[in-house]
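Remarks on the structure that follows.
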Number of protein chains: 2
Amino acid sequence: MDPLGFEHHDHRRCVAAALAAAEAHCERHRLNLTPVRRRVLELLLEGHRAMGAYDILDHLRAEGLGAQPPVAYRALDFLVRHGFAHKIERLNAFIACTHPETDHTPAFLICRGCHAVAEAHAEPTRGMLGRAAADLGFEIEEAMVEALGRCPNCREAEAAPCA
Amino acid sequence: MDPLGFEHHDHRRCVAAALAAAEAHCERHRLNLTPVRRRVLELLLEGHRAMGAYDILDHLRAEGLGAQPPVAYRALDFLVRHGFAHKIERLNAFIACTHPETDHTPAFLICRGCHAVAEAHAEPTRGMLGRAAADLGFEIEEAMVEALGRCPNCREAEAAPCA
DNA sequence: TCTAGAAATGTTACAGCATAACATATGGAG
DNA sequence: CTCCATATGTTATGCTGTAACATTTCTAGA
Ligand SMILES: [Zn+2]
Ligand SMILES: [Zn+2]
Ligand SMILES: [Zn+2]
Ligand SMILES: [Zn+2]
């Protein structure tokens, strides 16, 4: 289960593959991936970072795909509901899921330096949190895990301030 | 390490003890627990739930302790910085810490039914998240864990809709 | 085919959350 | 006494998100 991190990669291919996968998934599940929804997903994939709803909206506006906040929020809502994107609460922003299809609880590693975000897996019902919930009789339905820190690139840049 | 959950308790005593502890801590560490800051902590403790900054502000206004948003936000910022309160990102709200003094990463269990919030402990650098961070070379500085679900009281109420 | 309903979009207006910037007061340290 | 740091007060504004309603589009059933 590749945690897909901060390294560079062939982004054009990455975007195209994810979009194709999303289209196929929607086809199979009778989901309506409309132009606006498709474009918002594409924007998130292209950006490859967390984007605010109003960032998205700016693009949509420029492209004549919708000018008001609800347009962006509704598309994002669709993408989040069906697992194509996640909301990052700490940033009030959205990001394309790096491994949709699989049912998962994402855990985000957010770099304070360059604002890159990596998506890892969490298992909220295991570990200390699951133990605490069980002790309290609390039933976890959904969990959010977000860590702030420094990605390897930014740590390296700090360590070696090579003139 | 008592996870302090959803059960009832002697709340007057709970508030008084926490306030006294905060005062002592500030005394020891030369922190300035001003009237506004003290009152905001007291409000959070009394409420014993997550409160929005504007909820707090309403109280302050009514008591002549400040009428504008920055007053509430600055007091909350002080409390969060020094570990007397936490922000719950998922709710855009704040809550008094149930075990200050100890250095800890809180994990919140948020009830969808009654909006009660319990604070448990997380160990972000252990478990799957720590593993993923280590693999990616990411250095975790701070982590947020928030779970949504049903508290025992609400589950019971659902299970037994006793006329 | 016609028609009723569901789903998606478009728009207005507003609600809720948070901070920048600047003015004022207060309490030591030198 | 003066300077400086800290805290407070206020104005104004920016960012985030949604309620409500009008319009369009598609589809399923009569
Ligand atoms: Zn994901
Ligand atoms: Zn970075
Ligand atoms: Zn705490
Ligand atoms: Zn409950």
Side-chain angles (χ1 to χ4, degrees), chain A residues 22-23 26-27 29-41 43-44 47 49-82 84-95 110 115 144 146, chain B residues 22-23 26-27 29-41 43-44 47 49-82 84-95 110 115 144 146:
Chain A
E23 276 168 353
C26 287
E27 185 82 14
H29 293 77
R30 313 267 178 212
L31 296 176
N32 196 352
L33 188 64
T34 63
V36 180
R37 291 168 178 176
R38 188 183 189 286
R39 182 59 183 140
V40 171
L41 177 56
L43 286 168
L44 289 176
R49 60 195 171 80
M51 300 176 73
Y54 281 71
D55 292 341
I56 299 287
L57 183 57
D58 287 342
H59 287 276
L60 296 181
R61 242 196 281 263
E63 299 168 15
L65 277 171
Q68 270 61 43
V71 174
Y73 280 102
R74 288 196 282 233
L76 288 165
D77 184 60
F78 170 89
L79 295 174
V80 169
R81 261 189 353 254
H82 295 100
F84 300 116
H86 300 292
K87 178 169 187 187
I88 301 190
E89 296 290 341
R90 180 70 187 231
L91 302 177
N92 292 321
F94 301 82
I95 193 164
I110 306 167
H115 304 111
M144 185 217 89
E146 297 174 10
Chain B
E23 277 168 352
C26 287
E27 185 80 16
H29 293 78
R30 313 268 179 212
L31 296 176
N32 195 352
L33 190 64
T34 63
V36 180
R37 291 168 177 176
R38 189 184 189 285
R39 182 59 183 139
V40 171
L41 176 55
L43 286 167
L44 289 175
R49 59 194 171 81
M51 300 176 73
Y54 281 70
D55 294 340
I56 298 286
L57 183 57
D58 288 342
H59 283 92
L60 295 182
R61 244 195 280 264
E63 299 168 17
L65 277 172
Q68 271 60 44
V71 174
Y73 280 101
R74 287 196 283 232
L76 288 166
D77 183 60
F78 171 89
L79 296 174
V80 168
R81 262 187 353 251
H82 295 101
F84 300 118
H86 299 291
K87 177 168 187 187
I88 301 188
E89 296 291 340
R90 186 72 189 232
L91 303 177
N92 292 320
F94 301 83
I95 194 164
I110 306 167
H115 305 112
M144 267 146 303
E146 298 174 10

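All chains are named by letter (A, B, ...) in the order of the sequence lines, taking the proteins before the strands, and each is independently numbered beginning at 1.
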Table of protein N/O atoms under 3.5 Å from nucleotides 15-22 of chain D N/O atoms:
residue, atom, partner, partner atom, Å
D:dG17, OP1, A:Lys87, NZ, 2.4
D:dG17, OP2, A:Tyr73, OH, 3.2
D:dG17, N7, A:Tyr54, OH, 2.8
D:dG17, O6, A:Tyr54, OH, 3.4

Q. Could you go step by step and tell me if A:Arg49 and A:His115 meet the side-chain contact (heavy atoms from CB on, under 4.5 Å) rule?
A. CA-CA 8 Å; A:Arg49 60 195 171 80; A:His115 304 111; over 6 Å; no

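- Two residues are said to be in side-chain contact when any heavy atoms from C-beta on lie closer than 4.5 Å; B:Arg38 and B:Glu23 meet this criterion.
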(Q) Could you go through A:Ile56 and A:His59, starting from their C-alpha distance and side-chain angles, then the distance that decides it, and tell me whether this counts as side-chain contact (heavy atoms from CB on, under 4.5 Å)? (A) CA-CA 5 Å; A:Ile56 299 287; A:His59 287 276; 5.9 Å; no

Q.
Walk me through whether B:Leu31 and B:Phe78 qualify under side-chain contact (heavy atoms from CB on, under 4.5 Å).
A. CA-CA 10 Å; B:Leu31 296 176; B:Phe78 171 89; 4.2 Å; yes

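- From A:Glu146, atom CD reaches atom CZ of B:Arg90 across 9.5 Å, with rounding to the nearest 0.5 Å.
- The footprint of chain A on DNA chain C, defined by a heavy-atom cutoff below 4.0 Å, extends from C:dA8 to C:dT12.
- Every residue two or more places apart in sequence or in another chain was checked for a side-chain hydrogen bond (donor to acceptor under 3.5 Å, both in side chains) with A:Asp55, and none qualifies.
- Look at CG on B:Leu65: it is 8 Å from P on D:dG9, rounded to the nearest Å.
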Q: Check the pair B:Leu65, B:Val71 against side-chain contact (heavy atoms from CB on, under 4.5 Å), reporting the backbone distance first and the verdict last.
A: CA-CA 9 Å; B:Leu65 277 172; B:Val71 174; over 6 Å; no

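- Under the ring pair (Phe, Tyr, Trp, His ring centres under 6.0 Å) criterion, A:Phe84 pairs with A:His25, not counting sequence neighbours.
- Regarding B:Asp77, its CG atom lies at a distance of 14 Å from the C1' atom of D:dT8, rounded to whole Å.
- The CG atom of B:Leu57 sits 14 Å away from the P atom of D:dT8 (whole-angstrom rounding).
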Under 3.5 Å, which N/O atoms of the protein pair with N/O atoms of nucleotides 5-7 of chain D?
residue, atom, partner, partner atom, Å
D:dA7, OP1, B:Arg37, NH1, 3.2
D:dA7, O5', B:Arg37, NH2, 3.4

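- For B:Arg37 (side chain) and B:Ala75 (main-chain N/O), no donor-acceptor pair under 3.5 Å exists by modelled atom type.
- Take A:Tyr73 and apply the ring pair (Phe, Tyr, Trp, His ring centres under 6.0 Å) test, not counting sequence neighbours, and it matches no residue.
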